[in-house]
Amino acid sequence: MSDHDYRPKSKAGQWFNDRLPLLTLANHLTDYPTPKNLNYWWTFGGILTFCLITQIVTGLTLAMHYIAHADMAFESVEHIMRDVNYGWLIRYIHANGASMFFLAVYIHIFRSLFYGSYKSPREIIWILGIIIYLLMMAAAFMGYVLPWGQMSFWGATVITNLFSAIPLVGEGIVTWLWGGYSVDNPTLTRFFTLHYLIPFLILGLVVLHIWALHVPGNNNPVGIDIKKPSKDTVPFHPYIVIKDGFALLMFMIVFAFFVFYAPNILGHADNYIEANPMVTPAHIVPEWYLLPFYAILRSVPDKLLGVVAMLSAILILAVLPWLDTSKIRSAVFRPLYKQFYWILVADVLILGYVGAMPAEGLYLLVARIATAYYFLHFLVILPVLGFKEKTLPVPLSITEPVLGGSPNLAAARNKESKIE
Amino acid sequence: MKNLLKLFSIIILIITSNSFSFAAEKVEYLKTDWSFKGLFGKFDRASLQRGYQVYTEVCASCHSMKYLSYRNLAEPGGPEFSEAQAKAIAASFEVTDGPNSDGEMFTRPGKLSDKFVMPYDNVKAAQAANGGAYPPDMSVLVKARGGGVDYIYSLLQGYEEAPSNVSLDDGVYYNKYMYGNKIRMAAPLSDGLVEYGDGTNATVEQMSKDVTTFLMWSAEPHLESRHQMGFKAIVYLIILTVLVYFSMKRIWSRVESEV
């Protein structure tokens, strides 16, 4: 929080603000100096806030009608779809909202990877983000269990069984998680409780995430530190508000398309069959956004090591600020890193694809190579690249060219527009 | 703006390529022109009413539809029987109610508020009557099968003589669209099996189409209002997006940066 010299104009405002400086906070948020060269990849933070609030509001409404009981959950979802006023709309927004949330978070994460937003001094923002992402996965997984369809039940069985890989105490932990000797009513009620709790934890972490962001300020496509406020910045309101709003509306059009015209395309048909512990579905697949990690899990022949690999794949991101040894943030000035970045994007997409396929033959081989490359990228390529790479000269500011003309800035602008 | 379009086309590409990856094993299903597909898709009322007739005269002897109520038959967006017709349909079923003041269960004619009467009391009874196979509940059947309406439509017409290399047990039939090709349900439809009140020729193809349309409605009873609201919502969003775009251009014209 930069300037504290703000004073409300009215007497009442001053009286209130001296006791609780909410108006100072509001002033800080509207005046917050933001780099003026942020591109549209930066709008996903606002979009994610919208997604979280949408999920919470629709989720609360659904919880008023949903019954968390193994014998009634499936029926209560059908009740919502048929008899609750606009229940179908609320449920489809919530179900597709989860996919939209993950779509946005992946773009947000990969934006950060490209422009080096995780580097000093923004490590805490990044780590908070990884914790939010982990909680999102937990919330999404437990939410998928609630309709108590076949995929809900068997997905819950497969994922909770992963804990049995822990030596000695594994079996005990699984029984403890289930609240019994199989996935059953106690599992459903505790998943519902946690599914209800986690979004509010996320909300709290989002506040910290934004707070931590407002200390150093935004990174930007050029990746340099800028003076704030200066010619390089614009106040958050109205400039960023309207730009985020515009991008959010574009996002909502895509969102609305799914909700109204393809509400079930991202789900699995088997989840419209009520859970049946006696019948195992032919393929048990998680939702699309978890597929890359599912592929990593299955690519390791040993169960325990598979679980370790899957968890490491996420946790390795938390130490990324220290694995990436390059002082330059933006990939715009890192010709080699930029290529490895796109290989990583392709690698994750490939992992997602093979995650949806049966783990056998060529698919398994591809999954293993892609898994190995994923870790290679973070553990070997990134640390080495920081020392070996010849980076391009970085401009001194966003507006002011480097001494003697600005060939680099022009190059930077060109490249940015290509990326966008 | 051009960049934005690129961005969103990438997003859509990623999503669609992801969802396509689920459609792994593929048989070419039979195609027909479904009136309920597309931005303005609506159900064909007459087809829904015929489809209900096929369901109630043929399917309902084994398949339950436990999430539907008789009142649904008269609701807007469905078969839209008149309320009198729906009441008559409901009254033609015997519903077990109770206990009454003597503590006895009793039967009475169905009312609009009753759920569709089930052919069997429970899953075990259904299995016992069908050689161990449970005829699935049909309320959301279309959404519970990967191929959706095309799959159901094809399956109903997919009965064939088994190829010589396939041996079938007693009570198992060959169907080229069924997963694994073996199905415990005998071919349910044959030409002229039902007599349509509106004079439509009851071919297997016609009945398959009608009953599948009916099943689509039973799985998605609010499909029509969803399509209507969707169109309004998206048009509204597009107009608002354009307005916000020009406001944004105007606001950003105060700084020399591009948006």
Side-chain angles (χ1 to χ4, degrees), chain A residues 36-37 39-41 75 78-79 81-83 86-89 92 99 103 106-107 149-150 234 238-239 242-243 245-247 249-254 256-266 268-274 282-283 285 288 291 349 352-353 356-358 398-399 417 419-420, chain B residues 2-8 11-12 14-19 21-22 24 38-39 41 66-69 72 136-137 139-148 179 219-223 225-231 233-234 237-238 240-241 244-245 247-248 250-252 254-259:
Chain A
K36 65 179 177 187
N37 63 336
N39 55 36
Y40 282 100
W41 299 112
E75 190 182 346
E78 277 308 309
H79 165 69
M81 293 297 289
R82 289 162 196 278
D83 296 331
Y86 297 104
W88 58 269
L89 177 64
Y92 278 154
S99 282
L103 175 67
Y106 282 128
I107 294 173
Q150 274 289 69
V234 289
Y239 295 97
I242 188 109
K243 193 171 169 179
F246 170 65
L249 283 166
M250 297 281 280
F251 184 80
M252 283 170 78
I253 293 173
V254 178
F257 172 79
F258 279 104
V259 168
F260 291 107
Y261 292 108
N264 292 308
I265 199 167
L266 296 169
H268 197 292
D270 279 14
N271 228 26
Y272 278 106
I273 304 172
E274 194 169 357
H283 301 292
V285 262
W288 67 267
L291 287 172
L349 289 176
Y353 178 76
M357 295 295 146
I398 295 168
T399 35
S417 56
I419 297 149
E420 283 172 56
Chain B
K2 223 175 71 198
N3 294 329
L4 254 193
L5 282 178
K6 247 195 260 169
L7 194 160
F8 276 89
I11 293 174
I12 289 172
I14 291 172
I15 294 169
T16 44
S17 61
N18 247 309
S19 54
S21 64
F22 288 116
L39 291 189
K66 59 183 174 185
Y67 299 123
L68 271 80
S69 307
N72 296 140
D137 184 84
S139 312
V140 285
L141 192 68
V142 165
K143 291 199 282 188
R145 296 293 180 271
Y179 186 74
E220 278 286 308
H222 299 293
L223 178 137
S225 40
R226 174 156 60 78
H227 285 177
Q228 282 161 11
M229 189 194 286
F231 182 73
I234 289 175
L237 283 172
I238 289 174
L240 188 60
T241 308
V244 169
Y245 174 74
S247 319
M248 177 178 74
R250 179 111 185 227
I251 288 171
W252 276 80
R254 296 178 215 156
V255 285
E256 82 280 28
S257 235
E258 276 277 308
V259 254

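Proteins get letters first, then strands, A, B, ... in listed order; numbering begins at 1 in each.
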Spacing of OG1 belonging to B/Thr241 relative to CE belonging to A/Met252, to within rounding of 0.5 Å: 8.5 Å
Closest heavy-atom pair and its distance - B/Arg226, A/Phe260: NH1-O, 2.7 Å
With B/Arg145 via side-chain hydrogen bond (donor to acceptor under 3.5 Å, both in side chains) - residues at least two apart: none
For the student: nearest non-hydrogen atoms of A/Ala256 and B/Leu237, plus distance: CB-CD1, 4.0 Å
Pairwise side-chain contact, A/Tyr239 with B/Arg254, heavy-atom cut-off 4.5 Å (strictly under): yes
Under 3.5 Å donor-acceptor, A/Tyr261 side chain and B/Phe231 backbone: yes
Shortest non-hydrogen separation from B/Gly146 to A/Ala269 and the atoms involved: N-CB, 3.7 Å
Largest heavy-atom contact set with chain B, pairs under 4.5 Å, which of A/Gly245, A/Gly149, A/Pro263: A/Pro263
Interatomic distance, A/Trp88 atom CH2 to B/Met229 atom CE [nearest 0.5 angstrom]: 4.0 Å
B/Ser247 side, atom OG; A/Phe246 side, atom CZ - distance, nearest 0.5 Å: 10.5 Å
Region of A/Ile253 that comes under 4.5 Å of a non-hydrogen atom in chain B: both
Contact check, side chains of B/Tyr245 and A/Leu249, non-hydrogen atoms, under 4.5 Å: no
Min side-chain heavy-atom separation B/Val140-A/Met81 under 4.5 Å: no
Those residues that, when tested against A/Phe257, pass ring-ring contact (aromatic ring centres under 6.0 Å, His included) (two or more places apart): none
Contacting moiety of B/Ser69, where chain A heavy atoms sit under 4.5 Å: neither
Residue part contacting chain A, namely of B/Ile238, when any heavy atom lies under 4.5 Å: both
Best-contacting candidate, A/Glu78, A/Glu274, A/Arg82, against chain B by heavy atom pairs under 4.5 angstrom: A/Arg82
Among the listed options B/Leu39, B/Ile234, B/Leu240, the residue most often paired with chain A at heavy-atom distances under 4.5 Å: B/Leu39
